[in-house]
Amino acid sequence: MKKTAKIFLCILLFLAASSGMLFASITDTNRQEIVSVDSPIYRAMKNLYISTGLALPSTTGPWTMAEFDIMLSRIDVNALSEEERAT
């Protein structure tokens with residue numbers, strides 16, 4: 001009985017792990033994508049940083065999407081105008 005339970009548990013764990021990897025690969029996006037310096041996203045981020053009085057990041061770019069996420073988290077949304085929030 002114990003051997004059957006261990007085998008069943010191993011199969012269950014394997015299925016859970018494999019389905020988790022499958023769903024993770026479907027839902028994850030490539031946050032290492034490089035955004036070119038002449039991209040509108042790049043310009044918008046610089047404008048938001050300047051309008052909120054934040055110093056621009058020390059790296060001049062190009063930045064990855066993961067870096068953009070970090071930079072966006074530093075901006076105080078409450079300090080933005082409606083137009084800047086739309087940006």
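Please read all numbers here as calculations on a predicted model, not as lab measurements.
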Quiz item: Can you name the nearest heavy-atom pair linking Tyr42 to Phe68, along with the distance?
Solution: CA-CZ, 3.9 Å
Quiz item: Shortest non-hydrogen contact from Met71 to Tyr49?
Solution: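 Shortest heavy-atom separation between Met71 and Tyr49 comes out as O-OH, 3.1 Å.
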Quiz prompt | Spacing of CD belonging to Glu33 relative to CE belonging to Met65, to within rounding of 0.5 Å | solution =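 One finds 6.5 Å between CD of Glu33 and CE of Met65.
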Quiz item: Would Ser51 and Glu84 count as having a side-chain donor-acceptor pair, cut-off 3.5 Å?
Solution: yes
Listing, residues 34-41 side-chain donor-acceptor contacts under 3.5 Å, not counting sequence neighbours, or none:
unit_1 : atom_1 : unit_2 : atom_2 : d
Ser36  : OG     : Asp38  : OD1    : 2.5
Ser39  : OG     : Ile41  : N      : 3.2

Practice problem: Apply side-chain contact (heavy atoms from CB on, under 4.5 Å) to Thr52 and list each qualifying residue two or more places apart in sequence or on a separate chain. | Solution: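 With neighbours one apart ignored, the set is Leu54, Ile75, Leu80.
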